[in-house]
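Whatever order the structure lists ligands and atoms in, that order sets their numbers, starting from 1. These figures come from a predicted structure and were not determined experimentally. Every heavy atom of this structure was used, including side-chain atoms; hydrogens, water molecules and symmetry mates were not.
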Amino acid sequence: MKKRIQVPGLDEASILTDARKILAPQIEDRSRRSFLLRGLTLGGVAMLSGCNITDNDSVETALSSMSRFNDRVQGWLFNPNAMAPTYPASMITRPFPFNAFYGIEDAPTVEEESYRLEVTGLVADKRSWRLEELRAMAQTEQITRHICVEGWSAIGRWGGVRFSDFLKRIGADTDAKYVGFKCADDYYTSIDMATALHAQTQLSLTYDGAVLPREYGFPMKLRMPTKLGYKNPKHIQAIFVSNTFSGGYWEDQGYNWFGGS
Ligand SMILES: Nc1nc2c(c(=O)[nH]1)N[C@H]1C(S)=C(S)[C@@H](COP(=O)(O)O)O[C@H]1N2
Ligand SMILES: [Mo]
C-alpha cells in the first residue's frame, strides 16, 4: 500500500485541486488524463515537485515549483509559427468586457502630452517614446479572442505596432529570456522572448479603429492572442528586456507564469 502524507491543518482536497489544474495541460493523452489526475496524492505532489509537504508554506513551494515546471513545458511546446485563430468583424463582442483588479471607474487616466514610454534593460537604444512616434511605425491589425481565466472570453479588434518590429527598432537582445512590463495602475507582468517575437504579439494603440480607450489600456497595451488575458498588460509605462525572472501581479499570487491558452 502507498503511504499517504497526512498533515494536520492542511486541506488536502484543495491542494490536490490546485495541483491538478497545474498538471492537466501537461498530460497530452486525454483518455489517461483524468485517470492520472484522479490518482494524484499529496505524496505525488511532493514527488513531482521534489518538496517535502509538511505545512502550508511547503505546499506553496511545491505548487509553485510545479507551476514553474509547467512554464518550462509550455515554453518547449510553444510553436512560434502557429497562429491563434482570427475572426470576421461580424463576430466582435459588443460591448467588449472590462476587467482589472479594480472597478472600471478607477482605470488610470494617462495624459498623452506628457506620456513617454520608457525602455530599459538589454536594449541598444534606451530613449523613451512618444505616442506619435509609435503611430508613425508600420501598423498591423488583428481580430482575435481574449480569454480571461475568470470564465469569459470575447473577440476584439486591436491595431498597433507588431511587437517584434518594436524590439528590433530598439535593438533589443532577442536572446534574452524575458520582456517585462510596468503599468500606470501598478499592474506588472513579464513574458518569454519567444512569445514577444510571435507575429501576432502587438503593441496595441487602437481598439476597433479608434484610439485605445482609457479603460481598455490607453495609451497602449500588449495584445497576445496566444496568452491568457492576465498576461496582456494595459496602460504600459515601461518595457524592459532582461534575463532575470520578474513574475507578474497575478503570477506572484499563484497564476501560472507562462499563461498560454
Ligand atoms: N494594467 C493592467 N492590465 C491588465 C489588468 C489590470 O488589472 N491592469 N488585468 C488583466 C486581466 S485579468 C484581463 S482579463 C485583461 C482585461 O482587459 P480588458 O479590460 O480590455 O477586457 O486585462 C489584463 N491586463
Ligand atoms: Mo483576466
Side-chain angles (χ1 to χ4, degrees), residues 18 21-22 25 67 71 74 84-87 89 91-112 115-119 129 131 134 140-161 163 178-192 195-196 198 200-240 246-261:
D18 287 347
K21 274 191 218 144
I22 294 169
S67 191
D71 288 338
Q74 289 185 76
T86 59
Y87 302 87
M91 285 182 72
I92 294 173
T93 308
R94 299 180 199 279
F96 196 85
F98 163 87
N99 196 29
F101 64 90
Y102 44 77
I104 191 162
E105 61 288 347
D106 291 328
T109 303
V110 177
E111 298 296 342
E112 168 156 1
Y115 176 79
R116 299 287 182 278
L117 172 67
E118 278 169 52
V119 177
W129 289 68
L131 274 187
L134 290 166
T140 59
E141 209 171 82
Q142 61 175 278
I143 300 177
T144 51
R145 186 186 292 278
H146 171 117
I147 301 166
C148 174
V149 290
E150 286 173 38
W152 57 271
S153 83
I155 294 171
R157 173 181 166 218
W158 292 272
V161 176
F163 196 50
Y178 310 110
V179 182
F181 302 86
K182 290 182 198 155
C183 307
D185 56 359
D186 294 336
Y187 199 77
Y188 61 100
T189 189
S190 56
I191 60 168
D192 53 296
T195 302
H198 187 273
Q200 287 173 306
T201 296
Q202 181 193 73
L203 197 53
S204 310
L205 305 169
T206 68
Y207 182 75
D208 207 10
V211 173
L212 194 66
R214 180 177 71 102
E215 59 271 34
Y216 298 116
F218 185 83
M220 74 190 67
K221 66 176 272 174
L222 194 77
R223 175 67 197 129
M224 290 172 284
T226 58
K227 281 204 193 295
L228 295 168
Y230 63 89
K231 296 299 299 181
N232 292 235
K234 306 193 284 187
H235 317 290
I236 298 172
Q237 255 179 349
I239 297 178
F240 57 96
S246 58
Y249 180 91
W250 289 116
E251 295 88 329
D252 294 349
Q253 299 174 59
Y255 281 27
N256 175 248
W257 176 79
F258 194 89
S261 60

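- For the pair Lys234 and Tyr187, the cation does not sit on the ring face, since its NZ or CZ is not both under 6.0 Å from the ring centre and inside 45° of the axis.
- In terms of heavy-atom proximity, Phe96 sits nearest to His146 at CZ-CB, 3.9 Å.
- Between Cys183 and ligand 1, no N or O atom pair is found at a separation short of 3.5 Å.
- Judged by distance alone, the side chains of Trp257 and Ser190 do bring a donor and an acceptor atom under 3.5 Å apart.
- Of all protein heavy atoms, the one closest to atom 15 (C) of ligand 1 is His146 CE1, 3.4 Å.
- The minimum heavy-atom distance between Val110 and Ala184, with the atom names listed, is CG2-CB, 3.9 Å.
- Contacts with ligand 1 closer than 4.0 Å are made by side-chain heavy atoms of Tyr187 only, the backbone lying farther away.
- A heavy-atom separation below 4.0 Å is found between Phe96 and ligand 1.
- Between Trp250 and ligand 1, a contact under 3.5 Å exists for no N or O pair.
- Salt bridge annotation for Lys227-Asp192: present, with a cationic side-chain nitrogen under 4.0 angstrom from a carboxylate oxygen.
- Under 4.0 angstrom from ligand 1, there are no non-hydrogen atoms of Val149.
- For atom 17 (O) of ligand 1, the candidate residues are Arg223, Lys234, Gln237; the nearest heavy-atom contact is made by Lys234.
- The shortest heavy-atom distance from Trp152 to ligand 1 is under 4.0 Å.
- For the atom pair CD1 of Ile239 and CG of Leu117, the computed distance is 4.5 Å after rounding to the nearest 0.5 Å.
- The part of Asp185 lying near ligand 1 is the side chain, judged by heavy-atom distances below 4.0 Å.
- At the shortest separation from atom 21 (O) of ligand 1 among protein heavy atoms lies Pro97 O, 2.7 Å.
- Ile22 is not listed as a side-chain neighbour of Asn256, based on a closest heavy-atom distance of 4.5 Å or more.
- One finds the OG1 atom of Thr144 at 10.0 Å from the CD1 atom of Ile92 (value rounded to the nearest 0.5 Å).
- Between the side chain of Gln142 and the main chain of Gln200, a donor-acceptor pair closer than 3.5 Å is present.
- Within the 4.5 Å cutoff, no side-chain heavy atoms of Leu205 are placed close to those of Val211.
- Screening Phe98, Trp158, Phe218 for a ring pair (Phe, Tyr, Trp, His ring centres under 6.0 Å) with Tyr207, the sole residue that qualifies is Trp158.
- The N/O atoms of Glu150, backbone and side chain alike, include none that comes under 3.5 Å of an N/O atom in ligand 1.
- Considering Tyr188, Phe181, Phe240 as possible partners of Ser246, the one that fulfils the side chain to side chain contact (heavy atoms under 4.5 Å, CB included) test is Phe240.
- Counting only heavy atoms of the protein, atom 16 (C) of ligand 1 lies nearest to Asn99 O, 3.4 Å.
- In this structure, atom 24 (N) of ligand 1 lies nearest to the protein heavy atom Asn232 O, 2.8 Å.
- Contact atoms of ligand 1 toward Phe98: 19 (O) (distance under 4.0 Å to a heavy atom of the residue).
- Residue Tyr230 holds its OH atom at 12.0 Å from CD of Gln253, rounded to the nearest 0.5 Å.
- For the pair Cys148 and ligand 1, the shortest N or O to N or O distance does not fall below 3.5 Å.
- Close approach of ligand 1 to Phe101 (heavy-atom distance below 4.0 Å) involves ligand atoms 7 (O).
- Heavy-atom proximity to His235, at under 4.0 Å, picks out these atoms of ligand 1: 1 (N).
- Of all protein heavy atoms, the one closest to atom 20 (O) of ligand 1 is Tyr216 CD2, 3.3 Å.
- The proximity of Ala100 to ligand 1, defined as any non-hydrogen pair under 4.0 Å, involves the side chain as well as the backbone.
- In this structure, Lys231 has no heavy atom closer than 4.0 Å to ligand 1.
- Under 4.0 Å from ligand 1, not a single heavy atom of Ala184 appears.
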